Amino acid sequence: MLRMASSFPEEVLEHVFSFIQSDADRNSISMVCKSWYEIERWCRRRIFVGNCYAVSPRMVIRRFPDVRSIELKGKPHFADFNLVPEGWGGYVDPWISAMAMAYPWLEEIRLKRMVVTDESLELIAKSFKNFKALVLSSCEGFSTDGLAAIAANCRNLRELDLRESDVDDLSGHWLSHFPDTYTSLVSLDISCLGSEMSFTALERLVGRCPNLRSLRLNRTVPIEKLANLLRQAPQLVELGTGAYSAELRPEVFSNLAGALSGCKELKSLSGFWEAVPAYLPAVYSICPGLTSLNLSYAAIQSPHLIKLLSHCPKLQRLWVLDYIEDVGLEALAASCKDLRELRVFPSDPFVAEPNVSLTEQGLVSVSGGCPKLHSVLYFCRQMSNAALTTIARNRPNFTCFRLCIIEPRTPDYLTLGPLDAGFGAIVEHCKDLRRLSVSGLLTDRAFEYIGTYAKKLEMLSLAFAGDSDLGLHHVLSGCENLRKLEIRDCPFGDKALLANAAKLETMRSLWMSSCMVSYGACKLLGQKMPRLNVEVIDERGPPDTRPESCPVEKLYIYRSVAGPRFDMPGFVWTMDEDSSALRLS
Amino acid sequence: MEMVTRIGKFDHDDDHLNLRLGLPGTSEAREKQAPSLGSRTSNKRALPEDAEDPGSNSKCSRTESANADSALPTKTQVVGWPPIRSYRKNNTQSTVMKTPQSDVAGGNNNYVKVSVDGAPYLRKIDLRVYKNYPELLKALESMFNLTIGNYSEREGYNNGSDYAPTYEDKDGDWMLVGDVPWERLRIMKGSEARGLGCA
């Protein structure tokens, strides 16, 4: 019967939809029919915008009138490595202003790589009466004054997380702006702040918030004071210590060890700034329950690490410096059979010769010994095709494989040839691979393998690799699920890009810097693809003061329904559809 | 991330080594304070070392990287490579010789390496300990047993001091300590560290 759809009560549909949380499923629901679209948009509560310029605040608000939680991402990923010049964009202010009026019941704001101002923080504090969670990941542009406004006004705040943001740290006094009546804190991450805070204020805050689960301190909190805090919050599940060093004093050690042993729910440890080995054993009592350990800011040598890890059989995530060395990773493979994620960071990345004994062997050991390992970030100085092939065969369940061989274009150290076959093995065996970063000496053949096998790949990072446009063509034409592609210093030019222009509309974004894409090609792309924003970033001055064949410094292409943006700095140009016509040859 | 500060020795007898306050290449009166030109706009003083002077015994190279005191050779740094976040770069303990050290370079501690022309080794100071320039200068004076004297905006440290403290800013220029207001200097640390770290 034709009237079936409307005879089914909306409330029932809405109730059913409320069980569907994933964005992809919600999007599918909204495309079933018009009435489902309408019902769905009124009851969608959570929005994720992977590129803040892909859509405008007005468009989001128009479609989804009653959002409670929003996540926005701004700058391209390579901004983390200083490749995106200051002032590029990613401003959250227009979003906050629009939402302040449209979403009075907004509860959560999660931002990544965005520029936030104190004014915005003050507006958040004033506008959203039921505000619960603020997560600022790798953000910048705000100061502790803005945080003071949040602390003072958000009575129902549960989560304040500043992970790795660049905060203008004027003073630690902002913490004292949480009123004495405020008791709802669940998660606090202030590890990126530098100023000393009033310890009494911190202790009182921790003491009066019985639901506090996650506390990540900054390095000004000395190890001697850690025990006091822990005794106020024995229910903690995640702890980030402050500075973890002092002269070894037995009473400090035993006080800390005692306090830690009282935290029976503790599953995650991080911090360990300036850690000294003498105080590591204080955590032994909670190690048996530990699932996540971040020692990547601690210069602890492998014997101490091995000892510590031997106490952690349930460890699932380990972030560590390369001081762990091959021998430590071998021990890890033996002790931690539940390991899922490993990140090994370089202790001294700018030194030509290895300063530690960490090679490809460490990764081979872990991939062999840890059956659940699926995510790896590994910095090392040598690699071989043989090792990569062994790793791929050992561990076909990798979903995220990021290998950084520190010196660009390093060949297979055994054969002195390219590492094409090794990465080929990775993509061939790891059929669920979603994220890949390659390094070392690679020819177009490596990209042929990637295009052929990496069918589930969503994000790919390339640097100093490839021979010609063919390499890029393999990737763009072969990787069906590619969403984000970031490339630097590769000999890729116009041909592959123009031949695969349509592909770019199926992706979130493409970044290319220090490649060989000409200004002319950028203009053409901008002209032909109205739903793409083609941004040329060039600090040498306007690109039309140079020949059209001249390569641009940096290029950022992303799909957008909002059209070109208007907040660009002087060194960014958007290639419009109606830019000056190219003379056809 | 570490910044390097250099203390350059003055030789008052030689005009070429005196602090030049005018445009580089012009014969300027010492009293005149004109902004020096460069490809970047700023009010930067020209340094004595700008002149080619064989008499100068300045040992420090301008392109000192964060690993100047590492025993191992450094490679030329490429911007943004290896791909390590600025946050991590600024906060990783730097250690040499595989022994963990209790001090931390860069980041929120604001440790700065200080070298003095003619001194056999570098020292490290934590800028956060000092509230203003006079305190910092006094500390440097006692640490290295030399006189820097008082800063004056017009003449820098020219008034009877043997040494002038300089630092390398994010543009790679050598700046005289004291020109920038103390608070601005502290705030600049974050952005400077970013710029220097990847130069």
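Bear in mind the structure is a predicted one, so any value in this text is a computation, not a measurement. The sequence lines fix the lettering, A, B, ..., with proteins before strands; numbering per chain opens at 1.
- With sequence neighbours left out, Leu441(A) forms a side-chain contact (heavy atoms from CB on, under 4.5 Å) with Arg409(A), Pro411(A), Pro418(A).
- The contact between Phe464(A) and chain B is made entirely by side chain atoms (from C-beta outward), counting heavy-atom distances below 4.5 Å.
- Ranked by non-hydrogen atom pairs under 4.5 Å with chain B, the options Ala243(A), Ala463(A), Ser296(A) are led by Ser296(A).
- The two residues Phe350(A) and Trp81(B) come nearest to each other via the heavy atoms CE2-O, 3.7 Å.
- Closest approach of Arg85(B) and Asp80(A) over heavy atoms only: NE-OD2, 3.0 Å.
- Taking CZ from Phe345(A) and NZ from Lys89(B), the interatomic distance works out to 12.5 Å, rounded to the nearest 0.5 Å.
- Looking at every heavy atom in both residues, Phe379(A) comes nearest to Pro83(B) through CZ-O, 3.4 Å.
- Looking at Ser138(A), the atoms closer than 4.5 Å to chain B (heavy atoms on both sides) all sit in the side chain, from C-beta outward.
- The minimum heavy-atom distance between Val78(B) and Arg488(A), with the atom names listed, is CG1-NH2, 3.3 Å.
- Across all their heavy atoms, Val79(B) and Asn82(A) have their closest contact at CG1-O, 4.0 Å.
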